[in-house]
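Data first, discussion second: the structure below is written as structure tokens.
Throughout, numbering of the chain's residues begins at 1 and tracks the sequence.
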Amino acid sequence: MRLTPEEHELFLNKASSYGNISAMIRDAVRQFNDIGTVRRMEALNEMTDLFRKYQQDLSWLGGNFNQSMKRANELAIGHELRQEYYDQVILPQVRQVLSFLEDVKSEQHLIAQKLIKHNPQI
């Protein structure tokens, strides 16, 4: 194998904990799994897409929920918080947030299952 002086120095530095370059190379080859790496990258890309997809919805839901809770706190401070507000405003908001989070969790689980299926050592 031919190396530039810089590459040789890099190999020497990386191999310092192995004792010699050959041992480091053998270990690197043993650990390297190109198909596994590609699949992990695909899963990472899917997870990134998932977060992008839900980012705007989560922002919108969070804003609405915060407004509802702020109003509930104002009503509670003024001793005007009634069951109707809870039933008509807070509870529907909570259900919407929970449904949204379940959707995200479900998609994350599918991505994780794909990753585990292709990389059982994870």
Side-chain angles (χ1 to χ4, degrees):
M1 179 163 57
R2 292 191 172 111
L3 300 172
T4 66
E6 294 81 19
E7 291 169 333
H8 186 257
E9 187 64 32
L10 177 64
F11 271 58
L12 288 173
N13 289 337
K14 294 221 177 225
S16 64
S17 62
Y18 285 90
N20 60 52
I21 293 174
S22 298
M24 179 199 66
I25 292 172
R26 281 191 296 277
D27 190 45
V29 170
R30 189 172 29 260
Q31 290 183 38
F32 183 73
N33 179 349
D34 191 39
I35 293 171
T37 302
V38 168
R39 291 207 173 113
R40 280 192 287 275
M41 289 302 296
E42 288 171 354
L44 179 60
N45 288 335
E46 285 183 55
M47 199 64 80
T48 301
D49 291 343
L50 173 73
F51 289 126
R52 277 192 202 117
K53 173 182 171 185
Y54 285 121
Q55 181 179 7
Q56 185 175 1
D57 291 338
L58 186 57
S59 248
W60 179 80
L61 279 174
N64 284 351
F65 190 69
N66 283 340
Q67 288 175 5
S68 298
M69 294 311 295
K70 180 180 180 196
R71 181 67 180 139
N73 285 333
E74 291 168 349
L75 291 170
I77 289 170
H79 304 287
E80 298 173 9
L81 182 60
R82 305 280 180 257
Q83 185 67 37
E84 296 85 35
Y85 186 81
Y86 175 78
D87 292 339
Q88 295 172 4
V89 178
I90 295 176
L91 193 55
Q93 288 284 329
V94 168
R95 286 185 178 135
Q96 194 173 13
V97 169
L98 287 175
S99 174
F100 174 79
L101 293 175
E102 284 298 319
D103 290 346
V104 172
K105 183 179 172 183
S106 176
E107 286 194 47
Q108 282 180 322
H109 180 72
L110 291 174
I111 292 168
Q113 286 300 102
K114 269 200 275 187
L115 187 58
I116 290 168
K117 177 182 170 185
H118 297 297
N119 298 294
Q121 66 269 36
I122 292 178

Applying side-chain contact (heavy atoms from CB on, under 4.5 Å) to Met47 and Leu50, what does each step give before you reach the verdict?
CA-CA 5 Å; Met47 199 64 80; Leu50 173 73; 3.8 Å; yes

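- Between the CD atom of Glu74 and the CD atom of Glu80 there is a distance of 10.0 Å, given to the nearest 0.5 Å.
- Hydrophobic clustering (side-chain heavy atoms under 4.5 Å, transitive across Ile, Leu, Val, Met, Phe, Trp, Tyr) keeps Phe100 apart from Leu110.
- Here the CZ atom belonging to Arg82 is positioned 13.5 Å from the CG atom belonging to Asp87, to the nearest 0.5 angstrom.
- Within 6.0 Å of OH in Tyr86 there are 12 or fewer heavy atoms belonging to other residues, nucleotides or ligands.
- Interatomic distance, CD of Gln67 versus CE of Met69, reported as 13.0 Å (0.5 Å rounding).
- Nearest heavy-atom pair across Ile21 and Ala15 is CA-CB, 3.7 Å.
- Atoms OG1 and CD, from Thr4 and Glu9 in turn, are 10.5 Å apart once rounded to the nearest 0.5 Å.
- Of all non-hydrogen atoms in Lys53 and Asp57, the two that sit nearest each other are O-OD2, 4.3 Å.
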Could you walk me through whether Arg52 and Thr48 satisfy the side-chain contact (heavy atoms from CB on, under 4.5 Å) test, starting with their C-alpha distance in whole Å, then the side-chain angles of each, then the deciding distance to 0.1 Å, before giving a yes or no?
CA-CA 6 Å; Arg52 277 192 202 117; Thr48 301; 3.5 Å; yes

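- Using modelled atom types, no side-chain atom of Ser99 and backbone atom of Arg95 make a donor-acceptor pair closer than 3.5 Å.
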Given the rule in the side-chain contact (heavy atoms from CB on, under 4.5 Å) test, do Arg30 and Asp27 qualify, once you have shown the distances and angles that lead to the verdict?
CA-CA 5 Å; Arg30 189 172 29 260; Asp27 190 45; 3.6 Å; yes

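- Counting heavy atoms from C-beta outward, Glu6 and Leu10 have side chains that stay 4.5 Å or more apart.
- A continuous path of ILVMFWY side-chain contacts below 4.5 Å connects Val89 to Leu98, so both sit in one hydrophobic cluster.
- Gln93 and Ser68 make their closest contact through CG-OG, 3.6 Å (heavy atoms, listed as atom of the first residue, atom of the second, distance).
- Following chains of ILVMFWY side-chain contacts shorter than 4.5 Å, one can reach Leu101 starting from Ile111, so the two form part of one hydrophobic cluster.
- To the nearest 0.5 Å, atoms CG (Leu61) and CD (Gln96) are separated by 5.0 Å.
- Between the CZ atom in Phe51 and the CD atom in Glu107 there is a gap of 10.5 Å [rounded to 0.5 Å].
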